[in-house]
Amino acid sequence: MITDVKIFDTDSFTTLFETASPIKINIRDEHKATTFQVESGETRSDHVVVQAVEIGMDLILSGELKNAFGLMQQAWEQNKLVGIQTRVKTYQPMLLVNFYHDETAEMADAIQLSLRFTEWRSVTPEYGDLPPKKVQKPLQSSTVKRGGAQTKSVSEERKKSVLVRVLGG
């Protein structure tokens, strides 16, 4: 059984762009080894950075062109997160970052699109209390109750002395 290459909605898992027929898909899934020099001049590596997956897709859009193209452009403009099902793996969430199309006389009832997707990785900050053992000053263990920052007004004499130093006078 051959799995069709499809673009789907990550929320509802419904197929998007039914009239789109992928003709070529290339996937970049890379790791990068960090390198640094040591005292002897040798180059060493001790860490790997996992790069975001990038997918390039060439496809033909046929059928009701104006509506299908409009839906695809809307997904691009609204930064809609999608999933991509290939023959061997599913990639999600992906963000459509490039949206090119070609219109030629030879294809009067279809257009060719070149899309590029990149993996979406969101970061969720965590707030709350750290155990006092993990901070140098136990009063600073809360990231929520950090208090108000007190400021002091600067005297005119101090402002002038800084200007003199900066302007070299």
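Positions are given from 1, in the same order as the sequence printed here. Computed from a prediction, not measured in an experiment: that's the story for all the values here.
To the nearest 0.5 angstrom, Gln73 atom CD is 11.0 Å from Gln78 atom CD. Taken to the nearest 0.5 Å, the CG atom of Asp109 stands 11.0 Å off from the CG atom of Leu61. The structure places CG of Leu115 at 5.5 Å from CE of Met72, a figure rounded to the nearest 0.5 Å. Put simply, OG1 on Thr118 and CG on Leu95 are 7.5 Å apart, with the number rounded to the nearest 0.5 Å. Separating the CG atom in Asp9 from the CD atom in Gln92 is a distance of 10.0 Å, to the nearest 0.5 Å. Rounding to the nearest 0.5 angstrom, the gap separating the CZ atom in Phe69 from the CZ atom in Phe17 is 11.0 Å.
With a 6.0 Å radius and a threshold of 12 heavy atoms from other residues, nucleotides or ligands, Tyr100 has its OH atom at or below the threshold.
Of all the heavy atoms in Ala110 and Ile60, the pair that sits closest is CB-CG2, 3.8 Å. Nearest heavy atom pair, residue Gln85 against residue Phe8, reads N-CE2, 3.9 Å. Across every non-hydrogen atom of Glu18 and Lys6, the tightest pair is OE1-NZ, 4.4 Å. Residues Thr14 and Ser12 approach most closely at OG1-OG, 2.9 Å, considering heavy atoms. Taking both residues in full, the closest heavy atoms of Ser45 and Thr34 are given as OG-O, 2.9 Å, listed atom of the first, atom of the second, then distance. For the residue pair Ser114 and Asp58, the shortest heavy atom distance occurs at OG-OD1, 3.0 Å.
Every residue meeting the side-chain contact (heavy atoms from CB on, under 4.5 Å) condition with Asn26, not counting sequence neighbours, appears here in chain and number order: Lys24.
Follow the hydrophobic side-chain contacts under 4.5 Å out from Trp76 and you reach Ile25 in the same cluster. A continuous path of hydrophobic side-chain contacts links Phe99 to Leu65 [ILVMFWY only; heavy atoms under 4.5 Å]. Hydrophobic clustering of Ile, Leu, Val, Met, Phe, Trp and Tyr side chains at less than 4.5 Å, counting indirect connections, unites Phe117 with Leu16. Residue Leu71 is grouped with residue Val5 when hydrophobic side chains (ILVMFWY) are merged at heavy-atom distances under 4.5 angstrom, including chains of intermediate members.
Side-chain contact between Glu30 and Lys32: absent, with no pair of heavy atoms (C-beta onward) separated by less than 4.5 Å. In this structure the side chain of Ile7 never reaches within 4.5 angstrom of the side chain of Leu96, judged on heavy atoms. Contact annotation: the side chain of Trp120 never approaches that of Asn79 to less than 4.5 Å [non-hydrogen atoms, C-beta and beyond].
Judged purely by atom type and a 3.5 angstrom limit, Thr43 has no side-chain atom pairing as donor or acceptor with the backbone of Thr35.
When Glu54, Glu119, Gln51, Lys89 are each tested for a side-chain contact (heavy atoms from CB on, under 4.5 Å) with Asp29, only one passes: Lys89.
Taking a cutoff of 4.0 Å between a charged side-chain nitrogen and a carboxylate oxygen, Arg44 and Glu42 qualify as a salt bridge.
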